[in-house]
Trainee: 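Pasting in a structure now, in structure tokens, and then I'll have a few things to ask.
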Amino acid sequence: MASREVIVPKNDKLNVSRNFNLPHSPGIRAGDFIFLSGMLSTDPHTGERSQGTMAHETRQTLSNMRHLLESAGSSLERVVKINILVYDMLEFENMNRVYREFFPKDPPARTTCGVQLSAGMKIEIECIALAG
Amino acid sequence: MNVRPLTRIVVPAPRAGLDMSAGYGWVQSAAIRAGDYVFVSGVVAVDPESGERLNGTLTSEAHRAFQNLQLVLAAAGSSLAGLVQVRAMIYDRIEYDALNRVYRQYVPEGPPARTVWNVRIMDAFKVQLDAVALT
């Protein structure tokens with residue numbers, strides 16, 4: 001059987017699973033793939049939720065996702081599938097514009113949908129990536 | 001046996017209308033192949049040639065979405081029979097049975113693992129199919 005390993009961000013402040021005492025791991029490496037838990041916008045200096053505009057939350061969340069993937073030896077370039085959950089589809093373009101900055105070429109497969117998110121956050125992002 | 005690290009292969013849209021990146025500006029590849037799997041971007045009811053939105057009933061949209069999914073999977077060297085997991089997203093739970101009636105026509109035998117999500121979908125579409133398949 002392929003190995004299963006918990007992955008965590010190098011920056012402790014971004015370990016939301018532990019800091020908020022939530023029953024999930026930041027990510028799991030299973031064989032050739034890494035599966036990340038849904039990520040919200042978190043301030044990398046304080047570890048608190050960082051609410052703001054859709055553009056701000058998208059940028060902060062993807063920056064944190066990059067950090068988490070790189071902590072595990074992977075990268076945004078290795079992401080194969082992303083799921084985006086937004087609080088209101090009217091904000092799609094505000095998300096999409098910032099998203100493009102992180103994936104300028106050969107972007108991952110992606111599915112976006114509108115849902116109600118916890119704590120008044122505007123966006124949650126989860127992904128599957130190839131391990132390093 | 002796969003050679004590590006696995007490569008990540010972009011699957012181009014098989015028809016012009018299915019290129020949501022060019023047509024709609026959505027920052028996504030139609031699908032990504034990685035190892036034995038293909039990960040498909042959310043598929044909605046657009047005309048595969050023109051890209052025009054084919055908003056309709058849940059039934060008509062589900063048929064179109066499945067046919068589009070079929071096209072993308074074929075381009076990735078897979079098929080509906082290779083589906084492993086599907087998230088079927090619908091705009092209203094009341095359409096659950098309408099979805100199932102169409103759904104079972106496309107995966108009659110040993111259907112994939114599935115979750116149905118009740119969500120908001122772009123451009124007022126009523127259904128979106130999110131799929132992982134074996135290549």
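Order of the sequence lines sets the chain letters (A, B, ...), proteins ahead of strands, with each chain counted from 1.
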Trainee: Quick one: closest heavy-atom pair of A:K122 and A:L117, and the distance?
Mentor: C-CD1, 3.4 Å

Trainee: Against chain B, label A:R78 side chain, backbone, both or neither, depending on which of its atoms sit under 4.5 Å from a heavy atom there.
Mentor: both

Trainee: Measure A:Q116 against the heavy atoms of chain B and call it side chain, backbone, both or neither at under 4.5 Å.
Mentor: neither

Trainee: By a 4.5 Å heavy-atom criterion (distance strictly below it), what part of B:M89 contacts chain A: side chain, backbone, both, or neither?
Mentor: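 Side chain only.
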
Trainee: For B:R33, is it the side chain, the backbone, both, or neither that has a heavy atom closer than 4.5 Å to a heavy atom of chain A?
Mentor: neither

Trainee: For B:D19, enumerate each residue passing the side chain to side chain contact (heavy atoms under 4.5 Å, CB included) test, keeping only those at least two apart in sequence or located in another chain.
Mentor: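 Side chain to side chain contact (heavy atoms under 4.5 Å, CB included) check on B:D19 returns B:A13, B:S21, B:A22.
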
Trainee: So does B:N118 get a backbone contact from the side chain of B:D92, meaning a donor-acceptor N/O pair under 3.5 Å?
Mentor: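 The answer is no, because no donor-acceptor pair under 3.5 Å joins these two groups.
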
Trainee: Sort by residue number and list every member of residues 60-76 of chain B having a non-hydrogen atom under 4.5 Å from chain A.
Mentor: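 So no residue qualifies.
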
Trainee: Which of residues 45-63 of chain A have a heavy atom under 4.5 Å from any heavy atom of chain B?
Mentor: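 Answer by number: none.
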
Trainee: Which bit of A:L85 is near chain B, if near means a heavy-atom gap under 4.5 Å: side chain, backbone, both or neither?
Mentor: side chain

Trainee: Counting C-beta onward and ignoring hydrogens, is there a side-chain heavy-atom pair between B:V127 and B:V44 closer than 4.5 Å?
Mentor: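 Heavy-atom side-chain distance check fails, nothing below 4.5 Å.
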
Trainee: In chain order, what residues pass the side chain to side chain contact (heavy atoms under 4.5 Å, CB included) check against B:A98, with sequence neighbours excluded?
Mentor: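 Expected list: B:L58, B:T59, B:E95, B:R101.
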
Trainee: Linking I/L/V/M/F/W/Y whenever their side-chain heavy atoms sit closer than 4.5 Å, directly or via other members, would B:V38 and B:V107 fall into one cluster?
Mentor: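 Same cluster.
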
Trainee: Non-hydrogen atoms of chain B under 4.5 Å away: do they reach the side chain of A:N83, the backbone, both or neither?
Mentor: side chain

Trainee: Check whether more than 12 heavy atoms from other residues, nucleotides or ligands sit under 6.0 Å from atom CZ of B:R93, and answer yes or no.
Mentor: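 Yes, CZ of B:R93 has more than 12 neighbouring heavy atoms, counting only those of other groups under 6.0 Å.
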
Trainee: Is there a donor in the side chain of A:S75 and an acceptor in the side chain of A:E77, or the other way round, less than 3.5 Å apart?
Mentor: yes

Trainee: Does A:I7 reach the side chain of A:I28, with side-chain heavy atoms less than 4.5 Å apart?
Mentor: no

Trainee: Which atoms of A:V79 are under 4.5 Å from chain B, going by heavy atoms: the side chain, the backbone, both sets, or neither?
Mentor: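 For A:V79, the backbone is the part near chain B, not the side chain.
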
Trainee: Between chain A and each of B:V10, B:I32, B:V27, count heavy-atom pairs under 4.5 Å; write down the option with the most.
Mentor: B:V27

Trainee: If I measure from the heavy atoms of chain B, does A:I128 come under 4.5 Å with its side chain, its backbone, both, or neither?
Mentor: side chain

Trainee: Which pair of heavy atoms, one from B:V116 and one from B:Y96, lies closest together, and at what distance?
Mentor: CG2-CE1, 3.7 Å

Trainee: Atom OH of residue position B:Y37 - does it have more than 12 heavy atoms of other residues, nucleotides or ligands inside 6.0 Å?
Mentor: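 Result for OH/B:Y37: open.
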
Trainee: Compute both the distance and the angle, then confirm whether B:R120 meets the cation-pi test with A:F92: under 6.0 Å from the six-membered ring centre, within 45 degrees of the axis.
Mentor: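 Geometry flag: not set, cation outside 6.0 Å or 45°.
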
Trainee: If you count heavy-atom pairs within less than 4.5 Å of chain A, which of B:A30, B:A31, B:G42 leads?
Mentor: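 Highest number of heavy-atom pairs under 4.5 Å: B:G42.
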
Trainee: What part of B:W117 gets closer than 4.5 Å to chain A, counting heavy atoms only: side chain, backbone, both or neither?
Mentor: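 When you check distances to chain A, only side chain atoms of B:W117 fall under 4.5 Å.
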
Trainee: Verify side chain to side chain contact (heavy atoms under 4.5 Å, CB included) between A:R4 and A:R29, making sure each step is shown before the conclusion.
Mentor: CA-CA 6 Å; A:R4 175 187 184 279; A:R29 178 178 174 155; over 6 Å; no

Trainee: What is the minimum heavy-atom distance between A:I82 and A:P108, and which atoms define it?
Mentor: CG1-CG, 4.3 Å

Trainee: For B:D130, is there an ion pair with A:K81 - N to carboxylate O distance below 4.0 angstrom?
Mentor: yes

